Each structure stands twice: as structure tokens, then as C-alpha cells.
Number of protein chains: 2
Amino acid sequence: MVSPAKKRQTGCPIAFGLDTFGDRWSLLIIRDLMLKHKKTYREFLDADEAIATNILADRLKHLETEGIIKKSRDPENRRSFLYSLTEKGCDLAPIILEIIQWSGKYDLRTFARRDVLKRIEKDRDAVIAEIRSGQADKDNQTIGSHRTKSPR
Amino acid sequence: MVSPAKKRQTGCPIAFGLDTFGDRWSLLIIRDLMLKHKKTYREFLDADEAIATNILADRLKHLETEGIIKKSRDPENRRSFLYSLTEKGCDLAPIILEIIQWSGKYDLRTFARRDVLKRIEKDRDAVIAEIRSGQADKDNQTIGSHRTKSPR
DNA sequence: AAAATAACTTGCAAAAAGCAAGTTGTGTCT
DNA sequence: AGACACAACTTGCTTTTTGCAAGTTATTTT
């Protein structure tokens with residue numbers, strides 16, 4: 001198995017965070033779930049950063065094991081699966097937003113536009129609430145009924 | 001050269017952040033600078049997580065190139081150097097604090113104690129201010145003589 | 001002057017990442 | 001029904017990065 005980050009077991013909260021979501025790819029998957037409304041394996045594969053398929057499979061497994069994401073069958077297409085953030089995963093939103101703000105300040109080429117940054121700054125809680133509501137139901141999600149298209 | 005993270009150049013702020021400080025070790029060095037008052041090569045080497053010396057050298061170089069940390073001679077001992085956070089590095093504090101809070105919520109074994117978490121929650125700005133004041137002077141510091149007040 | 005210390009560098013083996021091709025379980029089309 | 005397509009992986013192999021041990025250079029310290 002290709003493991004992402006063996007546990008450092010040092011008791012430090014930063015090390016703990018790095019071990020669970022801090023490798024070269026995990027946060028990008030989380031970003032896709034959180035901000036780009038991606039849900040399927042194929043959508044993650046097609047990200048601009050071009051993750052390799054075996055690495056993607058490994059990271060999804062790892063994140064699921066860590067309880068950051070969950071996997072469920074697509075009720076409308078039995079050959080595909082839908083990934084979504086758990087509560088624990090949604091709680092990473094503040095970290096993601098802080099990274100966006102830092103990069104917004106220091107990366108001149110970043111695509112994070114002024115308006116997005118301003119929104120995060122002024123309406124942080126609403127942004128986070130939207131992220132949460134964008135994920136499937138906390139408990140037993142998307143059973144039967146139509147996939148509610150993500151509200152645009 | 002052992003490179004930490006080749007630039008993904010995708011324009012995404014998350015990818016940018018990961019490329020500059022998001023590898024398996026960089027954030028731990030930043031943590032040591034920010035929260036543990038470590039300043040020298042040896043102090044970083046002695047961290048609980050046991051970073052290899054070649055990797056440490058590489059990461060310090062990378063972080064310096066990225067403008068996150070700066071290196072200066074120790075005025076009191078000419079064989080050692082002092083590393084400190086730049087303004088850009090100090091601006092990572094909110095990210096670090098969010099990671100600590102997340103781990104504080106989800107890692108039962110974490111050493112981040114209640115009081116620390118509470119302090120971050122209630123007094124966030126003061127904590128960040130302390131981190132800033134803990135670093136060497138912003139401008140041209142520790143050159144030969146005693147620490148002179150930087151004209152600002 | 002010899003030993004110790006700080007900050008690295010070098011060389012090599014082991015682990016992880018990256019790439020291409022193959023597999024399995026569904027749907028879809030004719 | 002049979003052939004093809006597609007989603008989600010898995011496998012095998014090469015390249016890159018990491019981790020470890022030992023060595024180097026420039027100061028102190030004894």
C-alpha cells in the first residue's frame with residue numbers, strides 16, 4: 001500500500017493535522033469537495049493538478065479511514081460513487097479559508113479574486129455554512145429521491 | 001537537490017499554499033519557530049518528530065527562498081545561525097492556529113490542552129501578536145552590534 | 001593544540017510518487 | 001442479446017524523494 005503519511009504519534013496537534021490531511025494531495029481533494037462541488041472519482045482525477053489514479057485511490061481510502069470523507073453509491077447510477085465531506089471534514093473549512101487568504105495576499109497569480117477574498121473576510125460564517133450545506137446529509141444520505149442539484 | 005514540492009502552477013490558492021509550506025516537514029519547522037521559540041539548526045533537528053538532517057537543510061533553504069523565514073548570524077556565537085519568521089511567515093499563524101483548534105477537537109491524545117485552546121479561541125489576536133513579537137526585528141536585524149532599534 | 005560543537009554535505013538503500021496498461025462491474029446502443 | 005463504453009479502481013514498473021549514516025568545514029572551548 002502506498003501510505004500518505006505514517007502517523008508521527010508525537011502528540012503535537014500540528015503533526016496530527018499533517019498526518020491526517022497534510023500530504024501533497026489530500027488537501028486538494030478536500031478543496032474539490034469543499035469548493036468545486038466535485039463528488040466522483042473521475043472529477044477528482046480531472047483536476048488541474050493531475051493526480052495519478054493510484055494515488056487518488058489511496059488518498060480517498062485514507063481520508064475515508066480518517067473520517068474526513070464518506071463514500072456512498074450514486075442512487076442514480078449504480079456504477080458510480082459519490083464522495084462527500086463528513087462533519088469532521090467540513091470542520092477543515094476554516095483552515096482552507098485561511099490558506100486561501102494567505103495565498104490571496106502573497107500569490108500574485110492566484111485565481112482567488114478580490115471578491116472571493118472579500119466575501120471570506122466579511123462573511124466567513126456564511127461561507128462555512130454554505131460548505132456544510134453543500135455536503136450530503138449528515139446521517140444516511142441521498143436515499144432514493146432525486147439528487148438535489150447543488151443550489152447554484 | 002532534494003526538492004520539497006515542485007510548483008504546480010495551477011493558479012489555485014490552496015495548491016500555492018501547499019507548494020510553499022505544505023510538505024511533510026515545513027509546517028513543523030514553522031511550528032517550532034512560531035510556538036516553541038526554536039531558532040537554530042540543532043534545535044530543529046532535536047524536535048520530537050526526528051527530521052533527517054539533509055531534509056532539514058533542504059526545507060530551511062526552501063522556506064528561505066520562499067521568503068517565509070530568514071537566516072542571520074548569531075551575534076553571540078559565530079558558528080551558529082539564527083532562523084526567524086518573516087512577516088510573510090508570521091502571517092501563517094492563523095493557519096497554524098486553525099490546525100491546532102481542529103486537532104484539539106478531533107485528536108484525543110493531542111497535547112494541546114484546554115487552556116491553550118481556550119486562549120486561542122478567546123484571545124486569538126493577542127496570540128498572533130505574541131508570535132509576531134517573538135520574531136527578530138522586521139528590518140535589518142542583529143548585525144554585529146547590539147540589537148539597535150530599527151528605524152521605522 | 002586537541003577536542004567539541006554547529007551547520008551542513010554526500011552517498012546509498014528504502015519508500016513513495018508517477019505513469020501506463022489491465023481488471024471489474026454497470027449501463028447503453030443496435 | 002452482444003458489442004461497446006464508462007466509472008472506479010488495481011497492478012507492474014520506473015523515477016523521484018526520503019531517511020539514515022558518515023564525512024566536511026568553520027568556529028569555540030578546554
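Treat the numbers as computed from the prediction; the structure is a model and nothing was measured. Every chain is numbered from 1 and lettered A, B, ... according to where its sequence line falls, protein lines coming before strand lines.
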Worksheet entry | Phosphate OP1/OP2 of C:dG18 contacted by A:W25 side-chain N/O (<4.0 Å) | yes
Item to complete: For B:D107, check salt bridge (Lys or Arg N to Asp or Glu O under 4.0 Å) against everything at least two apart and list the hits.
Response: none
Discussion item. In whole Å, I'd like the distance from the CG atom of B:D46 to the P atom of C:dA7.
Written reply: 10 Å
Discussion item. On the nucleotide C:dA6, are OP1 or OP2 found under 4.0 Å from the side-chain N or O atoms that B:R78 carries?
Written reply: no
Item to complete: Go along nucleotides 4-10 of chain D 5' to 3' and tag each nucleotide: B for a protein heavy atom under 4.0 Å from its base, S when only backbone or sugar atoms are that close, - otherwise.
Response: -BBSSBB
Item to complete: Could you walk me through whether A:S80 and A:Y41 pass the side-chain hydrogen bond (donor to acceptor under 3.5 Å, both in side chains) test, one step at a time?
Response: CA-CA 8 Å; A:S80 84; A:Y41 193 90; over 6 Å; no
Worksheet item: Cut-off 3.5 Å, side chains only: do A:Y106 and B:T20 have a donor facing an acceptor?
Response: no
Discussion item. Under 6.0 Å from the ring centre and within 45 degrees of the ring axis: does the NZ or CZ of B:K39 meet both conditions for the six-membered ring of B:F44?
Written reply: no
Worksheet item: What's the CZ-P distance between B:R73 and D:dA26, to the nearest Å?
Response: 11 Å
Discussion item. Using whole Å, what does the distance between atom P of nucleotide D:dT18 and atom CD1 of B:I51 come to?
Written reply: 10 Å
Item to complete: Take atom CD1 of A:I55 and atom P of C:dA16, then tell me their distance rounded to the nearest Å.
Response: 10 Å
Discussion item. If only side-chain N and O atoms count, and only distance matters, is there a donor-acceptor pair under 3.5 Å linking B:S72 with B:Y83?
Written reply: no
Worksheet item: For the pair made of CG in B:D19 and P in D:dT17, what is the distance, rounded to whole Å?
Response: 13 Å
Below 3.5 Å, can you tabulate the donor-acceptor pairs from side chains in residues 122-131 of chain A to any protein atom, sequence neighbours excluded?
unit_1: A:R124; atom_1: NH2; unit_2: A:E98; atom_2: OE2; d: 3.4
unit_1: A:E130; atom_1: OE2; unit_2: A:R119; atom_2: NH2; d: 3.1

Discussion item. In whole Å, I'd like the distance from the CD atom of B:E49 to the P atom of D:dT18.
Written reply: 16 Å
Item to complete: Answer yes or no: does a side-chain N or O of B:R24 lie under 4.0 Å from OP1 or OP2 of C:dA16?
Response: no
